[in-house]
Peer 1: 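Sharing a structure below in structure tokens format, with a few things to ask.
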Protein chains: 2
Amino acid sequence: MNAPTAAVNSIRVAIVEDDDCIRAGLVRMLSRTSICRPVCNFANAESALSALPEYKPEVVLMDINLPGIDGVECVRRLKDKMPGVQFIMLTVYGDSDRVFHSLMAGASGYLLKRTPSPALLDAICEVHAGGSPMTPQIARRVVQFFQKVPDRSPQLEKLSPREKEILVLLSEGLLYKEIVAHLGISLDTVRTHIRKIYEKLHVHSRTAAVAKYLDSSDRFLSG
Amino acid sequence: MNAPTAAVNSIRVAIVEDDDCIRAGLVRMLSRTSICRPVCNFANAESALSALPEYKPEVVLMDINLPGIDGVECVRRLKDKMPGVQFIMLTVYGDSDRVFHSLMAGASGYLLKRTPSPALLDAICEVHAGGSPMTPQIARRVVQFFQKVPDRSPQLEKLSPREKEILVLLSEGLLYKEIVAHLGISLDTVRTHIRKIYEKLHVHSRTAAVAKYLDSSDRFLSG
DNA sequence: CGCTCCCTCGCATCTTTATGCGATTTTAAC
DNA sequence: GTTAAAATCGCATAAAGATGCGAGGGAGCG
């Protein structure tokens with residue numbers, strides 16, 4: 001099974017890349033394998049946006065730097081129309097901001113353009129199988145995101161258990177009277193607790209307290 | 001240069017793993033290369049916490065499942081004492097919650113125990129070079145974090161640019177009058193915008209709006 | 001025992017928000 | 001060239017929130 005002809009079960013791949021040379025190279029590379037098949041390719045986001053969906057690719061290789069509409073925005077719009085399609089971003093270097101914007105736009109993988117062909121093929125398979133291929137360098141950028149809150153806010157730790165409990169309810173948008181109903185205490189008691197919370201967090205409004213709370217702890221997880 | 005003897009410039013690796021068999025296997029494997037060198041190994045977190053720092057490892061392979069203090073907590077405490085050391089978590093399968101807890105505790109890599117030896121060695125080098133090796137499956141878990149609102153909050157997208165702008169200010173805890181000063185518009189205009197925001201988000205208080213906003217979009221990035 | 005902290009409750013007052021019902025202008029879309 | 005949406009402003013009223021002052025009961029500590 002080394003025939004370069006398109007296998008029926010090969011992964012349908014689309015390419016969006018403005019450099020003619022690189023684009024042709026990718027097409028050629030994909031054509032030489034049986035696991036992938038280039039079904040279409042575009043030199044800019046505009047043409048990809050209008051014509052790419054017709055080809056029903058399963059995986060899209062997307063250059064992040066495109067003239068006009070850039071790769072991130074292109075992914076955002078395409079992902080909206082084709083939620084099941086997997087996008088791999090290609091970039092010349094790991095631009096931190098764009099990594100996140102791409103991931104948030106719906107991309108699943110993030111590779112450097114100088115990735116060798118075999119690794120790129122692996123990545124296409126991985127992303128097609130539900131993984132998120134990315135270079136360790138780029139992964140580190142992502143990982144650092146989860147580490148940037150070293151000591152979950154010193155002020156927050158000064159709150160008493162009851163105060164933390166109420167702060168959580170505040171952050172969920174409950175009215176004072178709803179907190180009253182929820183905790184079975186009087187309105188004035190709620191006021192007193194919140195007053196203390198404000199003192200300890202050095203704020204003067206509930207939204208500021210909530211902002212400080214949500215901004216300085218693991219709003220990510222349950223515990 | 002195939003001598004199993006410790007090279008001077010080899011990466012100093014520590015191992016924390018409660019399964020004697022696996023631990024011995026890792027030590028043996030690392031001993032057979034010139035790029036790494038096992039400098040110590042422990043069967044539980046407690047002994048690692050007290051003795052590991054003395055050996056000054058550069059990379060630590062940490063089993064996530066340990067009796068008593070678990071691997072995540074162990075990393076948290078060790079990372080506190082040795083910020084420059086890189087930790088790679090080892091797990092039998094990709095447990096979603098623990099992935100994040102590990103990353104937040106300070107781990108940089110996350111691999112499955114069944115990772116083949118060459119790949120594990122690569123990972124040690126990568127983490128030592130500032131990367132974050134992880135399997136594509138685990139990377140996907142991390143990536144999904146940035147996408148966890150598949151259609152990034154339908155309601156939020158209905159907001160006009162100005163409304164989004166004001167919502168951001170609201171979420172930072174600014175008073176109406178502060179928003180007035182910030183945007184150079186009248187108090188009543190701010191009211192009108194916020195009224196529309198409430199309508200579109202189906203809420204009736206600023207905190208509820210902020211909660212909805214922070215809970216369903218990119219609180220991560222600038223724009 | 002006195003001290004401190006937490007949780008509870010009350011009253012009074014002032015500020016901030018929420019919302020109903022308007023309006024005009026500009027710009028983009030059909 | 002009408003329609004629609006966005007951004008701007010105004011007035012009025014009612015609800016919610018912020019804050020000052022005070023106070024009693026219980027848990028824990030030196």
Side-chain angles (χ1 to χ4, degrees), chain A residues 46 49-50 68-69 73 76-77 80-81 153-215, chain B residues 151-215 217 223:
Chain A
E46 289 78 0
L49 283 170
S50 65
I69 298 175
E73 184 58 30
R76 194 190 319 282
R77 301 193 193 177
D80 195 50
K81 296 183 193 298
S153 191
Q155 301 170 323
L156 233 57
E157 294 308 302
K158 289 181 181 291
L159 298 181
S160 75
R162 196 56 152 177
E163 287 159 1
K164 285 182 196 172
E165 190 179 3
I166 289 179
L167 182 52
V168 169
L169 296 178
L170 279 183
S171 76
E172 289 169 357
L174 274 64
L175 298 177
Y176 283 20
K177 57 174 60 170
E178 291 175 319
I179 295 176
V180 165
H182 200 277
L183 297 180
I185 57 180
S186 85
L187 180 62
D188 279 307
T189 301
V190 172
R191 284 205 180 104
T192 304
H193 283 307
I194 290 176
R195 193 183 327 209
K196 300 282 285 181
I197 292 172
Y198 288 177
E199 282 174 19
K200 292 180 179 177
L201 297 187
H202 307 300
V203 298
H204 304 280
S205 80
R206 73 176 277 166
T207 318
V210 168
K212 193 154 266 191
Y213 167 66
L214 292 178
D215 211 65
Chain B
D151 41 13
R152 47 175 313 181
S153 196
Q155 303 167 322
L156 230 58
E157 294 308 298
K158 290 180 181 292
L159 297 181
S160 73
R162 195 56 152 178
E163 286 158 2
K164 286 183 196 170
E165 190 178 4
I166 288 178
L167 181 52
V168 169
L169 297 178
L170 278 183
S171 76
E172 289 170 357
L174 274 64
L175 298 176
Y176 284 19
K177 56 174 63 171
E178 291 175 318
I179 296 176
V180 166
H182 200 278
L183 297 181
I185 56 180
S186 85
L187 180 61
D188 278 308
T189 301
V190 172
R191 284 205 180 105
T192 304
H193 283 305
I194 290 175
R195 191 180 331 205
K196 300 283 285 180
I197 292 172
Y198 289 176
E199 281 174 21
K200 292 180 180 177
L201 297 187
H202 306 300
V203 297
H204 304 280
S205 79
R206 73 178 275 169
T207 319
V210 169
K212 192 155 267 190
Y213 167 66
L214 292 177
D215 212 64
S217 89

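Chain naming here is simple, since letters A, B, ... match the order of the sequence lines and numbering starts at 1 in each. This is a predicted model, so every value here is computed, not measured. Reckoned from all heavy atoms, side chains included, excluding hydrogens, waters and symmetry mates.
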Peer 1: Nearest-nucleotide wise, let me know which of A:Ser186 and B:Tyr198 is further upstream toward the 5' end of DNA chain C.
Peer 2: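 Its nearest nucleotide lies further toward 5', so the answer is A:Ser186.
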
Peer 1: Please report, rounded to the nearest Å, how far the P atom of D:dA6 is from the CG atom of B:Leu183.
Peer 2: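 To the nearest whole Å, that distance equals 17 Å.
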
Peer 1: A:Lys177 side chain N/O closer than 4.0 Å to the phosphate oxygens (OP1, OP2) of D:dA16?
Peer 2: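 For D:dA16, OP1/OP2 do have a side-chain N/O of A:Lys177 under 4.0 Å.
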
Peer 1: Atom CD1 of A:Ile197 and atom P of C:dT8: how far apart are they, to the nearest Å?
Peer 2: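 Taking atom P of C:dT8 as the reference, CD1 of A:Ile197 is at 12 Å.
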
Peer 1: Between C:dT8, C:dC7, C:dT19, which one does the side chain of A:Pro161 approach most closely?
Peer 2: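 Ranking C:dT8, C:dC7, C:dT19 by closest atom to the A:Pro161 side chain puts C:dC7 first.
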
Peer 1: May I have the distance from B:Ile194 (atom CD1) to C:dT19 (atom P), rounded to whole angstrom?
Peer 2: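 The distance from CD1 of B:Ile194 to P of C:dT19 comes to 11 Å, rounded to the nearest Å.
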
Peer 1: Starting at the 5' end of DNA chain C and moving along, which residue's nearest nucleotide shows up first, B:Glu199 or A:Ile185?
Peer 2: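 Per heavy-atom nearest nucleotide, the more 5' residue is A:Ile185.
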
Peer 1: Would you indicate, yes or no, if C:dC9 has its OP1 or OP2 atom less than 4.0 angstrom from a side-chain nitrogen or oxygen of A:Thr189?
Peer 2: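 Affirmative; the distance criterion is met.
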
Peer 1: Which whole-number value in Å describes the distance from B:Leu167 CG to D:dA6 P?
Peer 2: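 Atom CG in B:Leu167 sits about 15 Å away from atom P in D:dA6.
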
Peer 1: Tell me whether the side-chain N/O atoms of B:Arg191 come closer than 4.0 Å to OP1 or OP2 in D:dC9.
Peer 2: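 No, because none of the side-chain N or O atoms of B:Arg191 sits under 4.0 Å from OP1 or OP2 of D:dC9.
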
Peer 1: Please give, in whole Å, the distance from D:dA15 C1' to B:Tyr176 OH?
Peer 2: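 Answer to the nearest Å: 12 Å.
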
Peer 1: Would you say A:Thr192 and A:Thr189 are linked by a side-chain donor-acceptor pair, where the criterion is simply a distance under 3.5 Å?
Peer 2: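 Result is no, nothing qualifies.
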
Peer 1: Give the rounded distance in Å between these two atoms: CD of B:Glu178 and C1' of C:dT17.
Peer 2: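 The answer, rounded to whole Å, is 14 Å.
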
Peer 1: Hey, is the main chain of A:Ser160 close enough, under 3.5 Å, to the side chain of A:Glu163 for a donor-acceptor pair?
Peer 2: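 Yes: the side chain of A:Glu163 pairs with the backbone of A:Ser160.
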
Peer 1: Side chain of B:Arg162 only, please: which of C:dT19, C:dT8, D:dT8 is the nearest?
Peer 2: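 Comparing C:dT19, C:dT8, D:dT8 against the side chain of B:Arg162, the answer is D:dT8.
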
Peer 1: Looking across every strand, which nucleic acid part, if any, lies under 4.0 Å from A:Leu175 by heavy atom: base, sugar-phosphate, or nothing?
Peer 2: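 Sugar-phosphate only.
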
Peer 1: Phosphate oxygens OP1/OP2 of C:dT17: is one of them under 4.0 Å from a side-chain N or O of B:Arg206?
Peer 2: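 Result: yes.
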
Peer 1: Can you tell me the distance, in whole Å, between the CG atom of A:Leu187 and the C1' atom of D:dA18?
Peer 2: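 Checked: the CG to C1' distance equals 12 Å.
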
Peer 1: Please state whether the phosphate of C:dA18, meaning OP1 or OP2, lies under 4.0 angstrom from any side-chain nitrogen or oxygen of B:Arg195.
Peer 2: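 No, B:Arg195 has no side-chain N/O under 4.0 Å of OP1/OP2 on C:dA18.
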
Peer 1: Quick one: the side chain of A:Ser160 and the base of C:dC7, do they pair up donor-acceptor inside 3.5 Å?
Peer 2: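 Absent.
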
